[in-house]
Amino acid sequence: MADFDLGAAFIPALHKPAELLPIAKHRKSLLYLIETSPVTIVVGQTGSGKSTQIPQFLERAGWCADGKIIGITQPRRVAATTVAIRVAEEFGCDVGKEVGYSIRFEDATSETTRIKFLTDGLLIREALVDPLLSRYSVIMVDEAHERSISSDILLGLLKKIRKKRPDLRIIISSATLQAEEFRNFFSEPKEETPNGKENGDNASIVSLEGRTYPIDILYLDSPAEDYLDKAVSTVIDIHTNEPKGDILISKCTCSRKRSENFRKVIFSTNISEASVTIDGIVYVVDSGFVKLRAYDPKTGIESLTATPLSKASAAQRAGRAGRTKPGKCFRLYTEEAYQSLPEANIPEIQRSNLAPFVLQLKALGIDNVLRFDFLAPPPAELMVRGLELLYSLGALDDYAKLTRPLGLRMAELAVEPMMAKTLLSAQSFGCLSEILTIAAMTSLGGNIWIQHEGEKKKTESAKRKFAAEEGDQLTLLNVYQAFVTKGRKESRFCHENLLNFKLMARAVSIRAQLKRYLERFGLNVDESLAAHSTSTASNKAEQIQRCLTAGYFAHAARMQPDGTFRNVSGTTVLHAHPSSIMFNRKAEWVIFHEVMETGNKTFIRDITRIEKSWLLEYAPEFYKTT
DNA sequence: GAGCACTGC
């Protein structure tokens with residue numbers, strides 16, 4: 001009975017040898033396609049090796065021979081770094097040598113770099129300096145089917161660049177369902193030939209099979225009354241009736257749970273659709289909903305609401321079950337409901353505030369943004385709203401041309417237009433150092449306070465130590481000042497004050513980056529002002545409040561007798577978010593950084609008191625009719 | 001008195 005335990009004697013390899021990946025047998029045909037066709041759309045499952053192998057195939061085939069490089073864009077920072085590390089390992093070099101990556105705040109490339117991974121947003125920024133992206137012989141846009149704003153815009157730019165650079169090769173990696181859309185986008189218009197209408201053959205689709213196992217899809221007989229209850233009972237059913245394997249539940253909000261016998265049950269938001277892959281998942285429970293952000297161009301308000309998912313998302317969720325062995329996907333909706341779902345989510349570019357992207361396009365020399373060749377054109381109202389805001393901030397002139405230097409500088413700064421305007425006005429208000437800090441702190445976009453369960457009061461009192469009468473922006477300034485002076489950037493300071501150290505450290509990086517930009521514009525940042533006497537402090541506070549008004553006048557609100565706010569035109573009721581220092585405090589007029597509708601309430605966050613007269617002083621055009 | 005998906009420069 002020499003039945004020894006293989007599992008104990010062998011450790012499974014972390015990575016499959018590259019030559020065993022299914023992509024290996026496609027090498028020659030892939031290289032031929034890329035050589036002969038300007039645009040190649042690669043369809044393949046996660047695990048097919050497309051992101052790691054294709055760049056190496058190209059490098060070996062001589063695509064870097066004349067000093068040009070191969071660029072591979074990723075929608076997320078982690079993806080750019082981890083794939084680069086993996087490829088460097090296979091290539092046999094240190095990261096940053098022949099294989100490198102570049103993301104915001106981290107550039108691991110050098111003169112020897114031939115294969116470069118970067119985020120798509122960063123590549124768009126490179127185009128500001130090098131409009132034809134002339135350093136690259138090949139650009140591969142990975143995960144294009146996710147349809148992020150930046151990858152959509154990048155594809156539009158690449159289509160334009162290709163006309164002037166026929167040598168450039170474009171590779172798009174996509175999920176199966178969306179491949180045709182990319183091909184249509186890159187194909188020349190149909191031409192009449194003696195044989196009838198023919199499609200231009202500029203773009204070819206190549207399919208790489210991945211390693212997946214069959215997945216059983218199960219639907220409900222009748223709709224669930226409460227999908228949360230149904231999710232829980234489904235998990236219990238799986239646990240009692242199905243063989244071993246972990247369970248992934250895609251829903252809208254996130255929590256963690258563990259059942260006996262160590263079957264892992266993971267409740268997950270849509271982070272599981274794109275960002276993380278968890279090993280061992282055999283069962284997927286799909287709630288049928290996704291929480292999506294949308295922007296209303298009429299009100300300028302963003303919302304975050306649960307909506308039915310798309311067929312593409314449902315397929316993505318189900319796919320998570322078949323990674324390691326045959327799996328099952330339990331859909332908490334009926335098959336009829338599935339049939340009525342939209343094919344794909346509305347692309348982000350059609351449901352977002354476009355002001356930042358209109359500004360970027362203008363800076364890239366695309367004057368007529370309405371006629372830009374978008375993969376999916378955004379509704380005109382979204383474009384117009386973006387243009388109007390940029391005009392009111394002075395970034396565009398009467399002819400909708402980018403102003404210089406203001407508009408161009410705003411485009412170069414890595415913050416939203418209203419904050420960019422605030423930053424570029426700060427020197428004239430004598431508070432540039434302070435606004436730099438506020439810009440860095442507000443763009444963290446997350447809660448800097450740590451709240452342990454059941455310790456709400458502790459967090460509240462920690463916050464109160466830094467509270468400023470004037471509002472959240474000055475409170476954030478106090479927090480940062482204490483962090484870099486008293487706290488000497490230590491994690492202990494954060495621990496004692498219930499602050500998120502990672503976010504605070506990030507604020508330091510963002511501030512340094514913004515400061516470098518300003519210095520390049522010739523603005524001098526005087527940091528000696530940080531220590532000022534109390535008599536000038538109140539004056540300083542007012543200068544900061546005035547400066548914020550100069551950038552955020554479009555986000556002004558007035559308090560009503562009942563304690564809620566209304567926007568200037570009086571059409572929308574706004575609530576101070578309970579996380580704001582202005583929650584339950586009196587103020588007449590305020591400006592705010594962000595407005596978002598969740599559930600049935602519209603909240604404003606990062607709020608600062610202002611005087612009504614300042615609105616007229618700094619935005620006379622904008623407020624002349626009110 | 002909220003409890004808000006995710007990401008990026």
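Letters A, B, ... are given to chains in the order of the sequence lines, protein chains preceding strands, and every chain is numbered from 1. Only this structure's heavy atoms are used, side chains among them; waters, hydrogens and symmetry mates stay out.
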Check every strand shown and say whether [X] touches a base, only sugar-phosphate, or nothing at a heavy-atom separation below 4.0 Å.
X      : answer
A:I103 : sugar-phosphate
A:S579 : nothing
A:F105 : nothing
A:E302 : nothing
A:L122 : sugar-phosphate

Whole-Å gap separating [atom2] ([N]) and [atom1] ([X]):
X      : N     : atom1 : atom2 : value
A:R293 : B:dC6 : CZ    : P     : 12 Å
A:N584 : B:dA2 : CG    : P     : 11 Å
A:R76  : B:dT7 : CZ    : C1'   : 7 Å
A:E597 : B:dA5 : CD    : C1'   : 16 Å
A:D152 : B:dC6 : CG    : C1'   : 16 Å
A:D107 : B:dC9 : CG    : C1'   : 14 Å
A:K291 : B:dT7 : NZ    : P     : 16 Å
A:R585 : B:dG1 : CZ    : P     : 16 Å

Practice task
Identify, with sequence neighbours excluded, every residue that meets ring-ring contact (aromatic ring centres under 6.0 Å, His included) alongside A:Y552.
Solution key: A:H593
Practice task
Only counting residues at least two apart or in another chain, list the ones meeting ring-ring contact (aromatic ring centres under 6.0 Å, His included) with A:F603.
Solution key: A:H577
Can we say [X] and [Y] salt-bridge, meaning some charged N sits less than 4.0 Å from an Asp/Glu carboxylate O?
X      : Y      : value
A:R147 : A:E181 : yes
A:R293 : A:E348 : yes
A:E588 : A:R609 : no

Exercise for the section: For A:R125 and for A:T598, find the nucleotide of DNA chain B with the closest heavy atom, then tell me which residue's nucleotide is more 5'. Expected result: A:T598
Fill in the blank from the handout: Of A:P75 and A:L292, the one whose nearest nucleotide on DNA chain B sits closer to the 5' end is A:L292
Problem - Any donor-acceptor N/O pair under 3.5 Å between B:dC4 base and A:R605 side chain - result: yes
Practice task
Measure from the side chain of A:K601, starting at C-beta and using heavy atoms only, and say which of B:dA2, B:dG1, B:dC9 lies closest.
Solution key: B:dA2
Problem - Nearest listed nucleotide, side chain of A:R77, among B:dG8, B:dA2, B:dA5 - result: B:dG8
Handout entry: A:T119 vs B:dC9: side-chain N/O to OP1/OP2 distance below 4.0 Å
Key = yes
